[in-house]
Every structure is written in C-alpha cells, then in structure tokens.
Novice: 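Right, I'll just put the structure down here and ask away after.
Order of the sequence lines sets the chain letters (A, B, ...), proteins ahead of strands, with each chain counted from 1.
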Amino acid sequence: MSFAVKLMNWYRENGRDLPWRTTHDAYIIWLSEIILQQTRVEQGIPYFHRFVEAFPIVTKFAEANEEDILRLWQGLGYYSRARNMHKAAKMVVNDFQGIFPNTYEGAIRLPGVGEYTASAIASFSSNEAKAVVDGNVYRVLARYFGIKEPINSGQGKKMFTEIAREILDKENPGTYNQAIMDFGALQCKPRNPLCGDCIFRPECVAFQEGLVGMLPVKLKGKESRNRYFHYFIVMEHDQMLMSKREQGDVWANLYEFPMIETADDMSMADLMAHADFIRYFEKDTVLKVVGKQVKHVLSHQNIYAHFYIIGNPHALKKKKKSWNYHYYEKIDKLAKHKLIFSFLEKNEHLISDK
DNA sequence: AAAGCGGGGTG
DNA sequence: CACCCAGCTTT
C-alpha cells in the first residue's frame with residue numbers, strides 16, 4: 001500500500017473535526033489558512049469564527065476599514081497578515097470581479113498568500129493537485145525518509161517540496177493534504193511522537209535507525225535582542241493619549257501609549273534626564289511608576305517595558321508633534337498590541353469611568 | 001540566503 | 001529555558 005493510501009486510511013479514523021473542513025468556499029478557506037500561518041489550530045479557531053461572522057463574504061471584508069480588521073485580529077500576532085488580507089480582499093473585488101480564486105495560480109497573486117497557502121486553497125476548494133509543505137509536512141517527511149538536510153536551508157526547502165510533490169495523491173489532493181498535516185500534528189508530533197502505535201513503523205527510516213529525536217534538522221536563527229520601552233500614561237479629562245505605531249518595526253499600525261525607547265535599561269531619574277524626555281515634557285513633570293518592569297517576549301526580541309503616569313497637568317510640550325498622537329475617549333475601539341492591552345486589563349482602575 | 005515579524009503552548 | 005506552530009515579505 002502506498003504512503004498516501006495508508007495515510008488517508010489513518011486520517012479517516014483519526015482526523016480532527018475542524019470548522020473550515022466543512023466548506024469548499026475558497027474565501028472561507030483563505031480566511032482559515034491566513035489565520036493558521038505560524039499559529040496553532042486551537043489558538044486560531046476563535047478568530048476564525050469571529051472573522052466568518054464579521055465578514056461572511058469577501059466583499060464585506062473589502063469594504064471594512066483596516067482599523068476594524070486589526071481590532072478583530074488583536075492578540076493573534078504577525079499583524080501584517082491582517083493588513084495583507086485587506087489588500088487581498090480589495091484585489092479580489094477590483095481585479096477578480098469579487099470571485100475568490102480557487103486555483104494555485106490565482107491565489108498566489110494575492111498578498112500574504114505564498115506557496116503553502118496557495119496550495120491549501122487550491123487543493124481544499126477545487127481539489128487541484130498541489131502539495132502543501134508546512135511545518136508538519138517537513139517533520140513527517142524528514143522522519144519517514146530519514147532526511148538530514150535542514151528544513152530551513154534553500155537546498156532543504158527544494159528537496160522537501162519535490163518529495164512532497166511526488167508522494168501527493170493526485171486523485172485526492174485535498175484529503176491527502178489534510179491527512180498529512182493532521183498526522184504531523186497528532187501522531188508525528190515534534191516532541192514525544194507516538195511511534196509506539198504508528199502505522200509507518202516498518203518503513204519509517206528515522207524510526208528504524210533511531211533518528212526520530214534528531215529529525216527534522218533546523219538551522220538556528222539569530223539571537224533575540226533586548227529593547228527598553230518607557231510608556232507614558234497621559235490623561236486629560238476622560239481621555240487618554242494614544243499613539244499609532246509606524247511601519248518598519250513591530251506592531252505596525254497598532255496603537256499604544258506614547259513612549260520613549262532607550263538603548264539601555266534606565267531608572268526613572270535617568271529617563272527624566274534623557275534628551276527625548278526633555279524634548280517631550282516640561283521641566284516640572286511628575287512621573288509615577290505603575291507596576292513593575294514587564295518583560296514581553298517576541299520570537300526575535302525581548303522588550304522590557306516600564307509604565308509611568310504623568311502626575312501633573314500640562315506636562316506635555318504640546319507643540320512637539322513628534323508622537324503621532326491623539327486623545328481617545330474609547331480606547332476599547334483602538335487596535336492595540338498585546339503588551340498594551342494586557343497592561344490595561346491589569347490596570348483597569350487607571351481608566352476613568354470604566 | 002537571511003532577517004523581520006507575535007503570541008502562546010509544551011517538555 | 002528552548003523549541004515549535006496549517007509562513008510570508010523584504011532586503
């Protein structure tokens with residue numbers, strides 16, 4: 001029996017019941033696939049339901065404004081996915097007559113859709129014979145065939161993609177793709193895979209040669225860098241000063257409190273002597289520390305954040321427009337990043353009339 | 001080819 | 001703590 005047939009037999013018995021598996025609507029499948037990029041299924045499911053409800057068809061998505069989309073995306077991370085989805089939806093309306101592409105060649109033209117996602121959309125919505133290659137597939141193939149080539153090298157990616165193409169079931173690409181990903185997620189897991197009752201024990205090279213724990217091989221990335229953020233809570237009447245982050249850094253287009261970033265960690269006294277602080281605030285400014293330093297870990301940087309309340313009115317030199325700032329009464333409506341909204345959750349008392 | 005981009009779960 | 005997750009874009 002072929003790899004594909006054994007795999008699909010396993011899938012029939014053990015596959016997961018996932019909400020996007022009941023449709024062939026390319027738009028709905030696209031929604032789910034973008035949400036699931038670098039995101040665990042359990043984490044993505046509530047967002048999937050939210051987006052389907054808010055934007056049941058692609059034209060609704062295209063009509064929305066970016067603020068609303070980012071707010072729905074809030075907390076999921078990799079926010080360029082949300083911004084690209086908006087561009088893609090508008091492209092479908094303007095260039096594809098509102099008909100969401102259900103082919104690989106059509107889907108891959110959309111921003112935010114790469115080889116994996118285009119293959120997923122095409123195979124799930126129209127059964128086009130394209131093989132998905134995601135983290136699960138890399139792992140299953142590396143172990144089954146005993147491949148020691150790193151999965152994140154150029155050579156490795158080519159090799160795995162080629163093998164994936166060859167062993168794809170061309171008659172049932174949609175089911176096969178679902179099956180290999182479920183197999184990677186449930187059976188051939190990253191740690192402690194369930195080799196004991198695996199259907200592929202006889203032919204799995206990694207199992208036969210005792211390499212399961214070593215595969216797949218992955219090259220290490222760069223180390224994280226440290227950054228130090230100092231956030232200022234500036235209240236005026238019932239409003240709070242918020243600023244929108246720019247492109248080219250983490251959390252693009254999301255809102256946060258106005259802040260100063262420093263190269264090294266800093267006490268409050270040193271911060272108040274810092275050139276940027278003097279540029280923004282009057283000499284008589286009173287700062288009050290809120291809570292302790294917060295460490296916020298991203299995959300590529302560690303952010304150490306301090307929060308201060310401005311204790312006296314008119315502390316801000318308002319003529320300086322260096323912050324892209326606005327006062328907001330209902331900051332609930334703003335799309336904020338995790339560091340800010342988790343701070344707000346813990347400090348609700350800081351916000352008037354909540 | 002390498003870097004940048006989030007947040008959360010797991011062992 | 002390190003590693004990984006239904007990856008893509010930019011440099």
Side-chain angles (χ1 to χ4, degrees), chain A residues 15-16 18-21 29-48 70 73-85 87-88 107-121 123-124 130-140 142 150-158 160-161 164 174 176-186 188-193 213-214 216-225 227 245 247-254 295-303 335-342:
Chain A
R16 288 175 290 189
L18 299 175
W20 43 86
R21 285 184 173 166
I29 291 165
W30 166 75
L31 273 183
S32 72
E33 291 301 338
I34 304 293
I35 288 171
L36 293 173
Q37 287 170 5
Q38 292 293 284
T39 303
R40 288 167 307 100
V41 164
E42 307 83 65
Q43 191 186 359
I45 285 177
Y47 286 86
F48 172 75
L70 281 174
W73 198 269
Q74 183 173 267
L76 196 54
Y78 285 156
Y79 297 89
S80 66
R81 290 183 289 173
R83 299 191 303 270
N84 281 332
M85 280 178 105
K87 288 184 203 158
I108 200 140
R109 292 177 53 189
L110 302 173
V113 175
E115 284 181 44
Y116 163 78
T117 305
S119 300
I121 293 172
S123 64
F124 300 152
K130 291 286 182 182
V132 295
V133 184
D134 74 332
N136 292 304
V137 175
Y138 280 121
R139 185 170 56 257
V140 172
I151 61 173
N152 56 344
S153 69
Q155 276 288 340
K157 283 181 192 166
K158 271 179 61 182
F160 283 97
T161 302
Y176 169 89
N177 280 336
Q178 300 279 14
I180 193 167
M181 290 193 284
D182 261 11
F183 186 78
L186 301 175
C188 197
K189 301 183 293 176
R191 308 250 222 138
N192 302 339
M214 316 290 303
V217 174
K218 192 171 181 179
L219 272 26
K220 285 200 191 243
K222 254 188 52 174
E223 274 186 43
S224 298
R225 64 183 171 125
R227 305 176 70 177
R245 290 184 66 86
Q247 302 280 347
D249 197 356
V250 289
W251 300 318
N253 295 11
L254 297 186
K295 181 180 182 184
H296 190 84
V297 179
L298 306 182
S299 55
H300 47 290
Q301 48 188 281
N302 302 314
I303 293 171
K336 302 171 290 293
H337 56 77
K338 179 74 184 182
L339 179 53
I340 294 301
F341 72 69
S342 65

Novice: In whole angstroms, how far is the P atom of B:dG7 from the CD atom of A:Gln301?
Specialist: 10 Å
Novice: Who passes side chain to side chain contact (heavy atoms under 4.5 Å, CB included) against A:Lys157, sequence neighbours left out?
Specialist: A:Tyr138
Novice: Mind calculating the distance between CG (A:Asn302) and C1' (B:dC5) to the nearest angstrom?
Specialist: 15 Å
Novice: State, without any angle test, whether A:Gln37 and A:Tyr116 hold a side-chain donor-acceptor pair at a distance under 3.5 Å.
Specialist: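 Short answer, no.
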Novice: How would you list, by chain and number, every residue that makes a side chain to side chain contact (heavy atoms under 4.5 Å, CB included) with A:Lys130, sequence neighbours excluded?
Specialist: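 Counting only residues at least two positions away or on another chain, A:Lys130 forms a side chain to side chain contact (heavy atoms under 4.5 Å, CB included) with A:Tyr104, A:Ser119, A:Glu128.
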Novice: Going by salt bridge (Lys or Arg N to Asp or Glu O under 4.0 Å), name the residues that satisfy it together with A:Arg83, two or more places apart in sequence or in a different chain.
Specialist: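 A:Arg83 satisfies salt bridge (Lys or Arg N to Asp or Glu O under 4.0 Å) with no residue once adjacent residues are dropped.
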Novice: Starting at CH2 of A:Trp73 and ending at C1' of B:dG7, how long is that distance when rounded to a whole Å?
Specialist: 12 Å
Novice: Which pairs would a plain distance check flag for residues 73-80 of chain A, meaning a side-chain donor or acceptor within less than 3.5 Å of a matching protein atom at least two apart in sequence or in another chain?
Specialist:
| residue | atom | partner | partner atom | Å |
| --- | --- | --- | --- | --- |
| A:Trp73 | NE1 | A:Gly77 | O | 2.9 |
| A:Gln74 | OE1 | A:Lys336 | N | 2.8 |
| A:Tyr79 | OH | A:Gly75 | N | 3.1 |

Novice: Can a donor-acceptor pair be found between the side chains of A:Gln178 and A:Arg21 at a distance below 3.5 Å?
Specialist: yes
Novice: Whole angstrom is fine here: how far is it from NZ in A:Lys189 over to P in B:dG9?
Specialist: 16 Å
Novice: Compare side-chain N and O positions of A:Lys338 against OP1 and OP2 of B:dG8 and report whether any pair is under 4.0 Å apart.
Specialist: yes
Novice: I'd like a list of close polar pairs between nucleotides 1-3 of chain B and the protein, N/O only, cut-off under 3.5 Å.
Specialist:
none

Novice: Atom CG of A:Leu76 and atom C1' of B:dG8: how far apart are they, to the nearest Å?
Specialist: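 Going from CG in A:Leu76 over to C1' in B:dG8 covers 10 Å.
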Novice: Which residue, A:His337 or A:Asn192, contacts DNA chain B at a nucleotide closer to its 5' end, judged by nearest heavy atom?
Specialist: A:His337
Novice: If the condition is salt bridge (Lys or Arg N to Asp or Glu O under 4.0 Å), which residues does A:Arg245 pass it with, not counting sequence neighbours?
Specialist: A:Asp249, A:Glu256
Novice: Please state the P separation for the pair B:dG8 and C:dT9 - nearest whole angstrom.
Specialist: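 Result for the P pair: 24 Å, nearest Å.
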Novice: How does protein reach along nucleotides 4-11 of chain C, written 5' to 3' as B (base within reach of a heavy atom under 4.0 Å), S (only sugar-phosphate), or - (no contact)?
Specialist: SBBBSS--
Novice: For the pair made of CZ in A:Arg227 and P in B:dG6, what is the distance, rounded to whole Å?
Specialist: 10 Å
Novice: What pairs with A:Glu223 under salt bridge (Lys or Arg N to Asp or Glu O under 4.0 Å), at least two apart in sequence or on another chain?
Specialist: none
Novice: Checking A:Arg16 now: which residues fulfil salt bridge (Lys or Arg N to Asp or Glu O under 4.0 Å) with it, not counting sequence neighbours?
Specialist: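 With sequence neighbours excluded, A:Arg16 shows a salt bridge (Lys or Arg N to Asp or Glu O under 4.0 Å) to A:Asp182, given in chain and number order.
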Novice: Under 4.0 Å: is that the gap between some side-chain N or O of A:His296 and OP1 or OP2 of B:dG6?
Specialist: no
Novice: Using whole Å, what does the distance between atom P of nucleotide B:dG8 and atom CD1 of A:Ile303 come to?
Specialist: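 Taking atom P of B:dG8 as the reference, CD1 of A:Ile303 is at 13 Å.
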Novice: What contact category does A:Val250 fall into here, base, sugar-phosphate, or nothing, at under 4.0 angstrom with non-hydrogen atoms?
Specialist: sugar-phosphate
Novice: Sticking with atom C1', work out how far B:dG6 lies from C:dC3, rounded to a whole angstrom.
Specialist: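 Each nucleotide's C1' atom is 16 Å from the other's.
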Novice: With a 4.0 Å cut-off on heavy atoms, is A:Asn177 in touch with a base, just the backbone sugar-phosphate, or nothing at all?
Specialist: nothing
Novice: Using whole Å, what does the distance between atom P of nucleotide B:dG6 and atom CZ of A:Phe341 come to?
Specialist: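 Taking atom P of B:dG6 as the reference, CZ of A:Phe341 is at 13 Å.
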Novice: Would you call A:Val140 and A:Val137 a side-chain contact if the rule is heavy atoms closer than 4.5 Å?
Specialist: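 No, too far: nothing below the 4.5 Å cut-off.
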Novice: Write down the distance separating the P atoms in B:dA3 and C:dA6, rounded off to the nearest Å.
Specialist: 25 Å
Novice: Does B:dG4 have OP1 or OP2 sitting under 4.0 Å from an N or O in the side chain of A:His300?
Specialist: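 For A:His300, the contact criterion (side-chain N or O under 4.0 Å from OP1 or OP2 of B:dG4) is not met.
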